[in-house]
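Here the structure comes first, spelled out in structure tokens, and everything after it is commentary.
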Amino acid sequence: PDLPFAGRVALAFGGLILVFCASLLAAATAALWVGSPPWPASTPLAALFTAVAAVVWARNISSNRSAAVAAVLVAASGLTVLSSAVLGGAILDTSFDGQWYHQEAILKMVEGWNPIRTELSLADYPDNRVRRQVNGYPKASWLWGAALVRFTHHMEHAKALSIPLVVAAAAVAFAALLGLARIPWWVALGTAVAAAANPVAITQTLNTQLDGDLASLLLIALSSVIICGRTRCRRGLVVLAIAVAIGVNLKLTAPAYFVILLTGGLLGLVLVGPSKVQRQLIAVLVAAFITGMAVVGFHPYVTNTIRHGHPLYPVMGPEKFTLVEEADTNRAVLLFRSVFSPSRQFPQKTDVDTEFAETPLKRPFTVAPSEVGVFLMPDVRAGGWGPLFGGLCLLAVAGLAGAGLRGLRWLVLGLAITLPILFSVLIMPHPWFARFAPQGWLLPVVIIPLAWAAGGRGPRLLAVLAAATALANAAIVTTGY
């Protein structure tokens, strides 16, 4: 089937926010290639290109009312970005990493540093660890942040795209769920908002840390795979390509996360029914990865290989350094203890094994007052997916089991989608730290539409309870903001 009208509008709205991000990144990258800092004109040029894209997209939505649809899309996406810039500009980034090296990297590029041509030297930045991070890490969010700062002359506007990416993730996820025949609109809306309201993304909307941006782009990419595989809408291929090309340039772990999660999505489509679309999806994904890592991401992936012998420098290769103290306890055990622990912060040099071993597990569905205030920090270490996440996982397991009782294919499909997500979390040496594996939030959330689609009073009741729990969890995390 084709996407319904509301789905096409939602996809276009989310897609246009991505187009603005990609245009801004492309203009800033082009400036580096010609030896210039990101141009101040990058922002208005990106806005103009987005408006043109809206006109083209509107014709696909409604040939009779394309002008009105285009106007609404431009206004909606523009107001989303503008309001985020105003809000972000009014609130200082007080996060440790934001001030320690994210804003430092943006400031260096605003002042003229060109990472494609040179690395920061000891004279430029004496802190050896920070200098290696700034030199070696992907720079998509820093580049569009520098372009925005060059345009507005306000450092806090560098974080203006974090809220729009969360909104875009909710819109594209909503479109994907509307394309599934068994999902009513209200279940699609609740699930989409719950999926986008990742606690990692929420806590990083008002600072320059970028794990939340990665979480939003992973959700957009996975949703786009569903749109392309289950409907006749091919605009999802454009959204998918943009999400991947940008996403792999946010963090060094991003390429692995995208490969694993999208492999799970493709496997789910194969189980539902093989088609020519899957070959198109694979072709687009290959092209997006090549573009993202060899063209847009020439720095760092190519330059890191040339300069330091490994594309993932400084977290891998001969010059790697440790970000967080390594733990001796099994990763899966630490992940379990983090999910079912009270949400809390602890010092970076704390012995992780001792910290989790000495802290008792909490009762699911309970929330202590300290678990609300702690999320004013963007990098909660234990229970970082929210104080209700453990209970949400239990509801998801019950929902998957109930769906399996309705038919073995539902259980197989659920495992095909969730196991890759779990695997992507466990490949991270610190899976207990939600910020390092923000896609862990999707592990229980993806079961909600599956349990509903399986039918039956039990699975559908569990799906509604899980969606309500996820939304309540998001509300608790958002309270301080």
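Only heavy atoms go into these numbers, but all of them, side chains included; no hydrogens, no water, no symmetry mates.
The CG atom of L422 lies 12.5 Å from the CG atom of L442; values are rounded to the nearest 0.5 Å. Atoms OG and CD, on S95 and Q103 in that order, are 7.5 Å from each other to the nearest 0.5 Å. The structure places CG of L16 at 5.5 Å from CG of L73, a figure rounded to the nearest 0.5 Å. Between F174 atom CZ and I183 atom CD1 the span is 12.0 Å, to the nearest 0.5 Å. Atoms CG and CZ, on L3 and R234 in that order, are 10.0 Å from each other to the nearest 0.5 Å. We find the NZ-OG distance between K159 and S141 to be 13.0 Å, quoted to the nearest 0.5 Å.
Ring-centre distance between W452 and W410: not below the 6.0 Å cut-off. Separation of the W441 and F389 ring centroids falls under the 6.0 Å cut-off.
For the pair R331 (side chain) and L426 (backbone), a donor-acceptor distance under 3.5 Å is present. Distance alone, capped at 3.5 Å, is enough to place a donor-acceptor pair between the S216 side chain and the G212 backbone. Using a distance-only test at 3.5 Å, with no hydrogens or angles considered, no donor-acceptor pair links the side chain of R230 to the main chain of L180.
Take E104 and apply the side chain to side chain contact (heavy atoms under 4.5 Å, CB included) test, not counting sequence neighbours, and it matches K108, Y125.
Under the 4.5 Å side-chain criterion, counting only non-hydrogen atoms from C-beta, F13 is in contact with V167. Side-chain contact between P342 and T359 is present, with at least one heavy-atom pair separated by less than 4.5 Å. Using a 4.5 Å cut-off on side-chain heavy atoms (C-beta onward), Q439 and V425 make contact. By the 4.5 Å heavy-atom criterion applied to side chains, L206 and L87 are counted as neighbours. Between L165 and C21 there is a side-chain heavy-atom pair separated by less than 4.5 Å. D213 is listed as a side-chain neighbour of L210, based on a closest heavy-atom distance under 4.5 Å. Residues V248 and P255 are in side-chain contact: their nearest non-hydrogen atoms beyond the backbone lie under 4.5 Å apart. Counting heavy atoms from C-beta outward, L462 and L400 have side chains that stay 4.5 Å or more apart.
When all heavy atoms are compared, the tightest approach of S338 to F356 is CA-CE2, 3.7 Å. Minimum interatomic distance between V200 and A434 (heavy atoms only, all atoms of both residues): CG2-O, 3.7 Å. The two residues P420 and G264 make their nearest non-hydrogen contact at CG-CA, 3.6 Å. Taking both residues in full, the closest heavy atoms of A403 and A451 are given as CB-CA, 4.4 Å, listed atom of the first, atom of the second, then distance. Of all the heavy atoms in F20 and V81, the pair that sits closest is CE2-CG1, 4.0 Å.
If you check the side chains of Q99 and N207, you find no donor sitting under 3.5 Å from an acceptor.
The aromatic rings of H430 and F436 are tilted relative to each other, their planes meeting at an angle between 30° and 60°.
Each of V477, V380, T478 was compared with P199 under the side-chain contact (heavy atoms from CB on, under 4.5 Å) criterion, and only V477 meets it. Checked options L161, T205, I163, V166; the residue passing with S84 is I163 (criterion: side-chain contact (heavy atoms from CB on, under 4.5 Å)).
Other residues, nucleotides and ligands place more than 12 heavy atoms under 6.0 Å from the OH atom of Y481.
The cationic group of R435 lies under 6.0 Å from the six-membered ring centre of F433 and within 45° of the ring axis, placing it in a cation-pi geometry. Annotation: cation-pi pair R129/Y137 absent, no NZ/CZ under 6.0 Å from the ring centroid and within 45° of its normal.
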Walk me through whether F336 and W432 qualify under ring-ring contact (aromatic ring centres under 6.0 Å, His included). CA-CA 8 Å; F336 176 85; W432 50 269; over 10 Å; no

Step by step, work out the salt bridge (charged side-chain N to carboxylate O under 4.0 Å, His left out) result for R344 and E355. CA-CA 11 Å; R344 67 193 187 282; E355 176 69 28; 3.2 Å; yes

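Between K251 and D211 there is a salt bridge, since a side-chain N of the basic residue sits under 4.0 Å from a carboxylate O of the acidic one.
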